[in-house]
Protein chains: 2
Amino acid sequence: MRPTLQTVADAVGVSRSTVSNAYSRPDQLSTELRDRVLAAAAALGYAGPDPTARSLRKRRTGAIGMLFTASLSFAFTDPYAVGYLRGLAEAAEQARTGLLLLPLSVEDDAAAVAAVNEAVVDGFCVYCMPDWHPALDALAARGLPVVSGQRRASDGPQSAFVGIDEAAATRAAGDHLMALGHRRVAVIGDYLSVAPTIGPALLTSPADVAYYTSRERLRGYQSAFAAAGVDWSTVTTVNVPGNCRDDGATAAAHLLDRAPRPTAIAALSDIVALGVLDALRARGLQPGRDVSVVGFDDIPEAAAENLTTVHQPAADRGRRSGELLLDRPADPADRTVVLPTRLVVRATTGPAPS
Amino acid sequence: MRPTLQTVADAVGVSRSTVSNAYSRPDQLSTELRDRVLAAAAALGYAGPDPTARSLRKRRTGAIGMLFTASLSFAFTDPYAVGYLRGLAEAAEQARTGLLLLPLSVEDDAAAVAAVNEAVVDGFCVYCMPDWHPALDALAARGLPVVSGQRRASDGPQSAFVGIDEAAATRAAGDHLMALGHRRVAVIGDYLSVAPTIGPALLTSPADVAYYTSRERLRGYQSAFAAAGVDWSTVTTVNVPGNCRDDGATAAAHLLDRAPRPTAIAALSDIVALGVLDALRARGLQPGRDVSVVGFDDIPEAAAENLTTVHQPAADRGRRSGELLLDRPADPADRTVVLPTRLVVRATTGPAPS
DNA sequence: TTGAAAGCGATACCAG
DNA sequence: CTGGTATCGCTTTCAA
């Protein structure tokens, strides 16, 4: 049986409080006694106060929980998510706080709820979850501080926001396409429809999309297109089930292999946009001349492949989220941080072919 | 004040045990009573049993701790580490277990020790730590299951191993260079020396290196070179303080800007090797013709840039580590997993110039 | 099926 | 400086 505080106390012939103090408040006892206690502990193989018991008593755990979208492991395949995580890790490291990645499983919502309910943490950080996900309600029920990159109508005032103006960002990208004369446009996005298939999303309105990020970005494009007289009903939307390059290419095939093909394709993420570029090249089409392509995120690969895209600060977003969670400002007004984005025009957009 | 089990019990007029059972052992009470309890809980805003208290009582936390090298956030800049993490996350997700990333700070060993001592976890996974790091001793003292990718003389039998035969891997790479006729060779590696500077490591022997991974890889090269009659004392070793491309380029400069320059450079990671390629190109030298370059890891970028390297399975390593930690085999013999590696010869190695 | 009592391992307060 | 006592919130026998 593993030694406890009591074991050590008995061995030294002092009370539990004294042993506890030896670890947590060294100024409360003489150096001599403290050394004796520590020596006895070492001799007994006592590694210090049990973290769980300590957390219970102190009402803080020294860790924050992280909810990624869908599956946990998936987050590591997305460069943007990794950047976000890096920033968050920096903030956590700075505050000497652990980062608990919750095991959210795609197929099993109940398991995700359980993960939230069982997380030994002092607060939560939400990256990208569908609005309807029950884990979000479980989150709210726990009553811990939350920082999120998405807004839900049901969010309480305890929830802080760190993110960008998604719609304004795509509005700028859409205006760019419109200015270039594009009128036959399409949008490819992840999680546009519930079905986990690659294909037309058949969206009557952006409001139907369950993910905040995708929904807002669509709204931005919608308003840009509308301002140029392009009605949403003429815009083809294609769903991809995951945020990956291959899916982007496959989705693009739905748009390119029919006549008339769109002159511009807006992807809601860079990864998907890069897939679109692959599809264009496979057909001998030149991005920016035959078909214009816009991405979103500005991941490192985007610059390397000269993709026109919307830049948003990945690591910053994570870092600010962590900071806001760890030392939460008293003033609720300070609990909203909107980071800047900017349209980066590179080689994959150009005038609409006539 | 937040409601507890007791609050709910009082409201329903039952005992705490009953409320506890309503959550944890639904078969122990009538459906009718259970529903009443749950309804009362909902009304009171009780979100279910407190995870910390529950962990204390049940003596399990539902999370595993992860120790990366040096700084936590740093891990996310290394593609190989991200791959490892993805595999580990898959295993954790599968077992419905959280993944606690410990806040290891570079400058502050004491903080790292504290992080280990305060981690509310059921076991630990070690990625890449220097042998002397006190956090490893703290780890051992906690007596929890450990899976590590590195061996230390002081590791107890409770420690499992999932990794590769590092020395055999570089032995193959070294043999390849020797077979090509290279005799003036250099090695660039991270953490070869204690000093956080880019420059000659002045290593008398690989045994002096504090990191298992780098040390073993050096040994492999040493034995390959020795077998071809190249004495270790003629091999230049250069240290880089972090695993990044720019540092690789700077380190390469130390080798290329002097005469005679080496005909082959072995880097202990792909990231560093890619930096070496940058340095070669900046000098108008052609990799594989003027200077041969070998990496290690086989990250995606390595294939893209045609780097000769040693392939090791990143995600597999993480996944197996997680699995071994989560359902630990009874037989100690099964607690050692050595995964295969293979030399991938691409375009950056060629015959030594005469 | 339900409840009373005994911890899990530690910390906080306050009196000595 | 040191120790007694109450408590953190829950689970788990075991008896009713």
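Naming convention: chains lettered A, B, ... in sequence-line order (proteins, then strands); numbering from 1 in each chain.
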> According to a strict under-4.0 Å criterion, is A:R54 in side-chain N/O contact with OP1 or OP2 of C:dT11?
yes

> In whole angstrom, give the distance that lies between atom CG of B:L56 and atom C1' of C:dA6.
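Whole-Å distance recorded here is 14 Å.
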
> Pick base, sugar-phosphate or nothing for B:S30, based on heavy-atom distances below 4.0 Å to the nucleic acid.
sugar-phosphate

> Measuring to OP1 and OP2 of C:dT11, would you say a side-chain N or O of A:S20 lies under 4.0 angstrom away?
yes

> A:K58 NZ to D:dA6 P: how many Å, rounded?
23 Å

> When the ring planes of A:F76 and B:F76 are compared, do they come out parallel, tilted or perpendicular, using 30° and 60° as the limits?
parallel

> With no angle test and no hydrogens, is the base of C:dA10 tied to the side chain of A:S55 by a donor-acceptor pair under 3.5 Å?
no

> Give the rounded distance in Å between these two atoms: CD of A:E118 and C1' of D:dG9.
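These atoms are roughly 15 Å apart.
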
> Given C:dA4, D:dT12, C:dA12, identify the nucleotide with an atom nearest to the side chain of B:S15.
C:dA4

> Any chance you could lay out the salt bridge (Lys or Arg N to Asp or Glu O under 4.0 Å) test for B:E32 and B:R36, step after step, and finish with the verdict?
CA-CA 6 Å; B:E32 188 270 328; B:R36 248 170 64 216; 3.6 Å; yes

> Assign B:R59 to base, sugar-phosphate, or nothing according to its heavy-atom contacts below 4.0 angstrom with the strands shown.
sugar-phosphate

> Return yes if the base of C:dA10 and the side-chain atoms of A:T52 contain a donor-acceptor N/O pair under 3.5 Å, otherwise no.
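Answer is no: no donor-acceptor pair is held.
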
> Whole Å only: how far is the CZ atom of B:R16 from the C1' atom of D:dC8?
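Distance, rounded to whole Å: 11 Å.
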
> Can you find an N or O donor on one side and an acceptor on the other, under 3.5 Å apart, linking the side chain of B:R57 with the base of D:dT12?
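No such pair is found, so the answer is no.
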
> Is the charged tip of A:R151 near the ring of A:F161: under 6.0 Å from the six-membered ring centre and within 45° of its axis?
yes

> Quick one: which of D:dG9, C:dG3, C:dT2 gets closest to the side chain of B:Q28?
C:dT2

> Of B:S17 and B:A53, whose closest DNA chain C nucleotide lies nearer the 5' terminus?
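It is B:S17 whose nearest nucleotide is closer to the 5' end.
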
> Between C:dG9, D:dA6, D:dG3, which one does the side chain of A:T4 approach most closely?
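Nucleotide nearest to A:T4's side chain: C:dG9.
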
> Starting from P on D:dC1, measure out to CG on A:D27 and report it in whole angstrom.
9 Å

> Between A:T18 and D:dG3, does any side-chain N or O lie under 4.0 Å from OP1 or OP2?
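Yes, within the criterion.
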
> Regarding B:R60, tell me which of base, sugar-phosphate or nothing describes its non-hydrogen contacts under 4.0 Å with the strands shown.
nothing

> So, OP1 or OP2 of C:dT11: does either fall under 4.0 Å of a side-chain N or O from A:S24?
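Yes, within the criterion.
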
> Measure from the side-chain heavy atoms of B:N21 and tell me the nearest of D:dT12, D:dC10, C:dA12.
D:dT12

> Is there a side chain to side chain donor-acceptor pair (under 3.5 Å) between B:R54 and B:S24? Walk through the geometry before answering.
CA-CA 10 Å; B:R54 165 189 279 236; B:S24 310; 3.1 Å; yes

> Is the distance from OP1 or OP2 of D:dT12 to the nearest side-chain N or O of B:R25 less than 4.0 Å?
yes

> What distance separates A:T18 OG1 from A:R34 CZ, expressed to the nearest 0.5 Å?
13.0 Å

> Using whole Å, what does the distance between atom P of nucleotide C:dG9 and atom CG of B:N117 come to?
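About 17 Å, once rounded to whole Å.
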
> With salt bridge (Lys or Arg N to Asp or Glu O under 4.0 Å) as the test, would you mind laying out the steps for A:R2 and A:D50 before giving the verdict?
CA-CA 11 Å; A:R2 287 190 68 70; A:D50 179 271; over 6 Å; no

> Quick one: B:L5 CG to C:dA4 C1', roughly how many Å, whole number?
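Distance, rounded to whole Å: 15 Å.
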
> In whole Å, I'd like the distance from the CZ atom of A:R142 to the P atom of D:dG9.
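Nearest whole value for this atom pair: 13 Å.
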
> Please confirm whether the shortest side-chain N or O distance from A:Y46 to OP1 or OP2 of C:dA10 is below 4.0 Å.
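It does, given that an N or O in the side chain of A:Y46 lies less than 4.0 Å from OP1 or OP2 of C:dA10.
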
